[in-house]
There are 2 protein chains.
Amino acid sequence: MDIAQILRSQGFKVTPQRIAIYDALRGHHHHDHPTAEMLYHTLRPEHPSMSLATVYKTMEIFEKIGLVKILEVGDERAHYDWDTEAHSHIRCVRCNKVEDMMGIDLQAIRTIADQGSEYQITGQHITFEGVCPECAKKESH
Amino acid sequence: MDIAQILRSQGFKVTPQRIAIYDALRGHHHHDHPTAEMLYHTLRPEHPSMSLATVYKTMEIFEKIGLVKILEVGDERAHYDWDTEAHSHIRCVRCNKVEDMMGIDLQAIRTIADQGSEYQITGQHITFEGVCPECAKKESH
DNA sequence: TTGTGTGCAAACACTTTGCAATTAG
DNA sequence: CTAATTGCAAAGTGTTTGCACACAA
């Protein structure tokens, strides 16, 4: 099922903007999670009339229909992730790049949390921060 | 060492506002983590001239000298925690209350992350979200 | 006295919203 | 045709900043 079919099946119209935004998101590296601004700048050359508002509105729809997850990773801007499986992330405190962090057993953590809390837990956010290899290299001039 | 001594020892002046803000923060329940707004409203009756800006500026100083930790827990506003030991939190998605979440072994998670990543990891944020017992009760009218 | 701190209002960064014009179906 | 979508600009949020005045030391 491609993006056009998914949109239609959920009652949304298929527009060039939505296709382009979806492609731009997919075009990013698998474990890389762009912000609205980043997508906008990626799209601008090919779609000069594209607006930031449309990126935001489209992402809201994509989230609603389960195509993306909106990540809040502590740099005050949303990052978008088209891998909607639960996993944790790491953000570079220098360049704000956000990547996947593998190897953390979220299910185990969730089980412990469920057992230890009186809340009805609905979600968990595990984000690391640090210096990415590229920035670490730069800094050691 | 009380708050006045700590401030002085770090080269900051001791003002009624700083004392009041510190007391208000301490006055909150141990595992409750207010926002700047909440502190401001708590303080307003006793300190009518108190400004939000002063709360923010003071919290910045408190963080700098290790008196509070600033939590970003996914509701787009900072919550302040005077327990500066690393621990995880849970936020109620209905009332935005933030409380401590005990029983999660952060050290173990950190060790796994350190081993599995090429980043120089400097921090981790583990936040759960769910419905607190009070809100759950309300909702089931 | 003198430099730090306060309080106000304006500036900020990111996101959302109102609305007229456009377009998909 | 007509309801949904776009793009702009304006509004909105939480936070920060510039600056005149107040005040701790």
Side-chain angles (χ1 to χ4, degrees), chain A residues 2-22 24 33-41 43-65 67-68 70-80 91 96 98, chain B residues 2-22 24 33-41 43-44 46-65 67-80 91 96 98:
Chain A
D2 73 349
I3 174 66
Q5 292 179 297
I6 296 173
L7 282 169
R8 256 189 288 265
S9 74
Q10 302 280 331
F12 294 104
K13 290 191 173 172
V14 178
T15 67
Q17 288 88 336
R18 289 176 180 168
I19 306 282
I21 292 170
Y22 183 78
H33 307 310
T35 62
E37 215 29 77
M38 293 172 188
L39 289 168
Y40 175 68
H41 278 114
L43 290 160
R44 214 61 212 280
E46 287 282 308
H47 303 264
S49 80
M50 174 72 64
S51 75
L52 240 193
T54 298
V55 176
Y56 280 113
K57 286 170 184 165
T58 301
M59 282 313 188
E60 203 182 329
I61 290 177
F62 283 0
E63 190 199 26
K64 207 168 298 177
I65 63 185
L67 285 178
V68 304
I70 299 180
L71 311 178
E72 317 237 318
V73 289
D75 66 347
E76 11 248 52
R77 54 206 88 156
H79 290 251
Y80 301 102
R91 175 174 59 86
N96 277 333
V98 173
Chain B
D2 74 349
I3 175 65
Q5 291 179 299
I6 295 172
L7 283 169
R8 255 188 291 266
S9 74
Q10 303 281 331
F12 294 105
K13 291 190 173 173
V14 178
T15 67
Q17 288 88 338
R18 288 176 180 168
I19 306 281
I21 292 171
Y22 183 79
H33 308 310
T35 62
E37 266 298 332
M38 293 172 187
L39 289 169
Y40 175 67
H41 279 112
L43 290 160
R44 214 61 213 280
E46 288 282 308
H47 303 263
S49 81
M50 174 73 65
S51 77
L52 240 194
T54 297
V55 176
Y56 280 112
K57 287 169 182 165
T58 301
M59 283 312 189
E60 205 182 327
I61 290 178
F62 283 1
E63 190 198 27
K64 207 168 296 175
I65 63 185
L67 285 177
V68 304
K69 243 180 26 194
I70 299 180
L71 312 178
E72 317 238 319
V73 290
D75 66 348
E76 11 249 50
R77 55 206 86 161
H79 290 251
Y80 301 101
R91 174 174 60 86
N96 277 333
V98 173

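Here the structure is a predicted model, which is why all the values come from computation and not from measurement. Proteins come first, then strands; the chains are lettered A, B, ... in the order of their sequence lines, and each starts at number 1.
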Chemist: Atom CG of B/Leu43 and atom C1' of C/dG7: how far apart are they, to the nearest Å?
Modeler: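 My rounded result for the distance is 14 Å.
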Chemist: To the nearest 0.5 Å, tell me how far A/Gln17 CD sits from A/Lys57 NZ.
Modeler: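 Taking CD in A/Gln17 and NZ in A/Lys57, the distance rounds to 11.0 Å.
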Chemist: Go nucleotide by nucleotide along DNA chain C from the 5' end; which of B/Lys57 and B/Glu76 gets its closest nucleotide reached first?
Modeler: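 Comparing both residues, the 5'-ward one is B/Lys57.
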Chemist: Return whichever of A/Glu37 or B/Phe12 has its heavy-atom-nearest nucleotide of DNA chain C closer to the 5' end.
Modeler: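 On the 5' side of the pair lies B/Phe12.
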Chemist: Between A/Thr54 (side chain only) and A/Met50 (backbone N and O only), is there a donor and an acceptor less than 3.5 Å apart?
Modeler: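 Not at all, since once roles are kept as given, no pair shorter than 3.5 Å links the two residues.
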Chemist: Donor-acceptor pair, distance only, cut-off 3.5 Å: does the side chain of A/His79 make one with the backbone of A/His33?
Modeler: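 Checking the backbone N and O of A/His33 against the side chain of A/His79, a donor-acceptor pair under 3.5 Å is found.
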Chemist: What is the distance, rounded to the nearest whole Å, between atom CE of A/Met38 and atom P of C/dC14?
Modeler: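 Whole-Å distance recorded here is 10 Å.
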Chemist: Within this structure, what is the OH-to-C1' distance between B/Tyr40 and C/dC8, rounded to whole angstrom?
Modeler: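 After rounding, the gap between these two atoms is 10 Å.
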Chemist: CD1 of B/Ile21 versus C1' of C/dG7: gap in Å, rounded?
Modeler: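 Interatomic distance, CD1 of B/Ile21 to C1' of C/dG7: 12 Å.
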Chemist: Between A/Leu43 and A/Ala24, what is the shortest heavy-atom contact and its length?
Modeler: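 It is CD2-CB, 3.7 Å.
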Chemist: Which nucleotide sits closest to the side chain of B/Lys13: C/dG5, C/dA24, C/dC8?
Modeler: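 Taking heavy atoms from C-beta onward, the closest nucleotide is C/dG5.
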Chemist: Is there a donor-acceptor contact under 3.5 Å linking the side chains of B/Tyr22 and B/Arg18?
Modeler: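 Checked: B/Tyr22/B/Arg18 side chains show no N/O donor-acceptor pair below 3.5 Å.
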Chemist: Take atom CD in B/Glu46; do more than 12 heavy atoms of anything else shown fall under 6.0 Å from it?
Modeler: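 Open: at most 12 neighbouring heavy atoms sit under 6.0 Å from CD of B/Glu46.
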Chemist: If I take atom CD1 in residue B/Ile65 and atom P in nucleotide C/dT4, what distance separates them, rounded to the nearest angstrom?
Modeler: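 Interatomic distance, CD1 of B/Ile65 to P of C/dT4: 16 Å.
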Chemist: Rounded off to whole Å, could you give me the CE-to-P distance for the B/Met50 and C/dG7 pair?
Modeler: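 It is 6 Å, rounded to the nearest whole Å.
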Chemist: With a cut-off of less than 4.0 Å, is there a side-chain N or O of A/Thr15 near OP1 or OP2 of C/dA24?
Modeler: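 Answer is no, no contact under 4.0 Å.
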Chemist: Using only atom types and a distance under 3.5 Å, with no angle test, would you say the side chain of B/Gln5 pairs donor to acceptor with the backbone of B/Asp2?
Modeler: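 Present.
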Chemist: Starting from P on C/dT4, measure out to CD on B/Glu60 and report it in whole angstrom.
Modeler: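 B/Glu60 atom CD is separated from C/dT4 atom P by 16 Å.
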Chemist: Counting only side-chain nitrogens and oxygens, does A/Arg18 get under 4.0 Å of the OP1 or OP2 atom of C/dA24?
Modeler: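 No, outside the criterion.
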Chemist: Check whether any side-chain nitrogen or oxygen of B/Ser51 sits under 4.0 Å from OP1 or OP2 of C/dT6, and answer yes or no.
Modeler: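 Checking B/Ser51 against C/dT6: no side-chain N or O falls below 4.0 Å of OP1 or OP2.
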Chemist: With a strict under 4.0 Å distance from non-hydrogen atoms of chain B, what nucleotide opens and what nucleotide closes the contacted stretch of DNA chain D, reading 5' to 3'?
Modeler: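 With heavy atoms of chain B under 4.0 Å away, the range is D/dG14 to D/dA25.
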Chemist: Can you check the B/Arg44 CZ to C/dC8 P distance for me, whole Å?
Modeler: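 Interatomic distance, CZ of B/Arg44 to P of C/dC8: 7 Å.
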Chemist: Mapping A/Gln17 and B/Val14 onto DNA chain D by nearest heavy atom, which one lands closer to the 5' end?
Modeler: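 Going by which nucleotide is closer to the 5' end, it is A/Gln17.
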Chemist: Of the options C/dT15, C/dT6, C/dA24, whose atoms approach the side-chain atoms of A/Pro16 most closely?
Modeler: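 When the side chain of A/Pro16 is considered, C/dA24 is the closest of C/dT15, C/dT6, C/dA24.
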